[in-house]
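Take a look at the structure below.
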Amino acid sequence: YMRPEPLANLLASVKDQVPYPDEIHIVDGSTDGVTELRFRESEIKNLQYHKVGDNDRGLTKQRNFGINQVSETIDIVFFLDDDTILKPRYFEHILQTYQKYPKALGVGGYIDNEVAWQKAEFDTNPNYYYFDGYRRKEGSRFKLRRKLGLAPDTPPGVLPKFGHGRSTSFLPPSGKIYEVKQLMGGVSSFPLHVLKANKFSEYFEGYGLYEDADYTFRISKLGPLYINTSATLEHHHAASGRPNQYRYGKMVTRNGWYVWRVMYPDPSLKNKIKWYLTSLLLALVRLSNSLNTSKRQEAFTEFLGRMVGLFSLFVSKPK
């Protein structure tokens with residue numbers, strides 16, 4: 001969506017992959033013709049370009065549209081966000097995971113340019129998060145949650161019963177394969193038969209924050225999901241195509257509640273209280289960011305969105 005330059009960088013990295021994809025589908029929801037002009041008549045092998053209108057525009061709608069374009073002879077479908085760049089052998093490592101775990105219903109890749117990890121054998125410094133022989137700096141919000149008894153009690157990629165877990169970005173660059181309950185949508189893959197039987201939810205309109213959590217939480221109840229940390233790529237967070245901070249903050253809360261209840265439809269009272277307390281705490285952390293960071297207006301606007309989203313849950317919950 002509105003990212004022709006990042007998309008060109010992604011496709012350049014795809015061209016160097018072994019094995020090379022049997023099909024490449026661009027599903028373009030852009031409201032201008034720049035991406036179409038560049039890629040409709042592309043020389044990239046096996047590329048098919050699809051421009052969608054209002055009825056099919058939006059992340060989950062475009063994914064469902066793309067699934068319907070894939071040939072029945074295809075075994076594995078990869079989803080790649082338009083602002084990612086693949087490292088060599090990305091597809092090979094993912095396909096090897098399906099060979100090793102033939103019952104896998106999904107396999108994700110590993111973003112390696114966002115977090116600085118260090119090898120560390122002993123969990124001794126509270127300023128770091130430790131996992132599987134590695135450590136990374138611990139964010140202030142997780143330090144605060146630990147002090148208040150609201151820290152996640154599950155491994156990365158596995159949602160606690162009160163929600164608000166650690167994403168798969170908290171898995172270290174160990175080269176290992178980890179079983180998880182959640183994959184990031186823009187670096188994921190699934191067997192075609194899984195995608196045909198299970199569509200992405202169109203509750204998530206437009207930008208669709210946490211649409212990948214919703215989908216993979218549902219799939220994880222049917223079979224195992226994995227992250228292969230040898231299948232590496234870069235994510236460059238293109239600013240274009242993203243919502244404003246108020247809308248984003250509101251989605252964080254409301255969509256966060258939605259996916260929590262997808263995974264745990266009937267949480268205990270204790271876990272409900274912990275979900276709301278954590279949501280309030282994280283909103284207040286964003287408020288504090290409006291005082292101690294350079295992006296003060298963005299932080300305050302997101303805080304307002306989070307709080308409006310939180311109070312709106314008492315009036316109208318997502319269905």
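None of these values were measured; they are calculated from a predicted model. What's counted below: heavy atoms across the whole structure, side chains too, no hydrogens, waters or symmetry copies.
Legend: salt bridge (Lys or Arg N to Asp or Glu O under 4.0 Å) pairs involving residues 162-186, not counting sequence neighbours, sorted by first then second residue: Asp132-Lys176, Glu138-Arg166. Contacts classified as salt bridge (Lys or Arg N to Asp or Glu O under 4.0 Å) and involving residues 20-34 (residues at least two apart or in different chains) are not found. Residues in residues 97-110 take part in no salt bridge (Lys or Arg N to Asp or Glu O under 4.0 Å) pair, two or more places apart or across chains. Screening residues 114-131 for salt bridge (Lys or Arg N to Asp or Glu O under 4.0 Å), with sequence neighbours left out, gives no hits.
Asn113 and His235 share no donor-acceptor pair across their side chains, judged by distance under 3.5 Å alone. Inspection of the Asn271 and Ser268 side chains reveals an N or O donor paired with an N or O acceptor under 3.5 Å. A donor-acceptor pair shorter than 3.5 Å cannot be found between the side chains of Thr73 and Ser71.
Taking the salt bridge (charged side-chain N to carboxylate O under 4.0 Å, His left out) definition, one finds that Asp112 meets it with Lys87, sequence neighbours left out. Checked against salt bridge (charged side-chain N to carboxylate O under 4.0 Å, His left out), Asp214 has the following partners two or more places apart in sequence or in another chain: Arg218. Not counting sequence neighbours, the partners of Val115 by the side-chain contact (heavy atoms from CB on, under 4.5 Å) test are Trp117, Arg136. With sequence neighbours left out, the side-chain contact (heavy atoms from CB on, under 4.5 Å) criterion links Pro160 to Pro152, Asp153, Thr154, Phe162. Every residue two or more places apart in sequence or in another chain was checked for a salt bridge (charged side-chain N to carboxylate O under 4.0 Å, His left out) with Glu41, and none qualifies. Looking at residues two or more places apart in sequence or on another chain, you find a side-chain contact (heavy atoms from CB on, under 4.5 Å) between Asn292 and Ser288, Asn289. Residues passing the salt bridge (charged side-chain N to carboxylate O under 4.0 Å, His left out) test with Lys15, sequence neighbours excluded: none.
Across Ser279 and Leu310, no two heavy atoms sit closer than the pair CB-CD1, 3.9 Å. Phe65 and Val27 make their closest contact through CD2-CG1, 3.9 Å (heavy atoms, listed as atom of the first residue, atom of the second, distance). Shortest non-hydrogen contact noted between Lys51 and Arg40 is CB-NH2, 4.0 Å. Between Tyr203 and Arg254, the closest heavy-atom pair is OH-O, 4.4 Å. Residues Asp212 and Leu183 approach most closely at CB-O, 3.5 Å, considering heavy atoms. Residues His93 and Ser230 share a closest heavy-atom pair of CD2-O, 3.3 Å.
Under a 3.5 Å cut-off, the side chain of Lys317 and the backbone N or O of Leu313 do form a donor-acceptor pair. Of the possible polar contacts, one joining the Asn244 side chain to the Tyr246 backbone as a donor-acceptor pair under 3.5 Å is found. In this structure, Tyr98 contributes its side chain and Val107 its backbone to a donor-acceptor pair below 3.5 Å. Asp82 contributes no side-chain N or O that, together with a main-chain N or O of Pro6, makes up a donor-acceptor pair within less than 3.5 Å. Distance alone, capped at 3.5 Å, places no donor-acceptor pair between the Thr216 side chain and the Gln182 backbone. Side-chain N or O atoms of Thr60 include one that pairs as donor or acceptor with a backbone N or O of Ser201 at under 3.5 Å. Of the possible donor and acceptor atoms, one in the side chain of Thr229 sits under 3.5 Å from a partner among the backbone N and O of Gly175.
More than 12 heavy-atom neighbours from other residues, nucleotides or ligands sit within 6.0 angstrom of CZ on Phe314.
When each of Lys143, Lys137, Arg135 is paired with Asn127, the side chain to side chain donor-acceptor pair (under 3.5 Å) condition holds for Lys143 and for no other. Checking Glu302, Gln297, Lys250, Lys295 one by one against Gln245, the side chain to side chain donor-acceptor pair (under 3.5 Å) holds for a single residue, Glu302.
A salt bridge links Glu5 with Arg38; the closest basic N to acidic carboxylate O contact falls under 4.0 Å.
Taking CD of Gln118 as the reference point, atom OH of Tyr130 lies at 8.5 Å (rounded to 0.5 Å). Rounding to the nearest 0.5 angstrom, the gap separating the CD atom in Glu298 from the CZ atom in Arg286 is 8.5 Å. Atom CG of Leu95 and atom CG of Asp75 lie 9.0 Å apart (nearest 0.5 Å). Between atom CG of residue Asn198 and atom CG of residue Leu222 there is a gap of 5.5 Å, rounded to the nearest 0.5 Å. Remark: His25 NE2 to Asn46 CG distance equals 9.5 Å, nearest 0.5 Å.
Ring centroids of Phe204 and Tyr215 are separated by 6.0 Å or more, keeping the two rings apart.
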Per-pair distances, 0.1 Å, donor-acceptor, side chain in residues 258-266, under 3.5 Å, sequence neighbours excluded:
| from | atom 1 | to | atom 2 | distance (Å) |
| --- | --- | --- | --- | --- |
| Trp260 | NE1 | Lys161 | O | 3.0 |
| Arg261 | NH2 | Pro265 | O | 3.3 |
| Tyr264 | OH | Leu159 | O | 2.6 |

Given side-chain contact (heavy atoms from CB on, under 4.5 Å), test Trp257 with Tyr276 step by step and report yes or no. CA-CA 9 Å; Trp257 184 94; Tyr276 279 98; 3.7 Å; yes
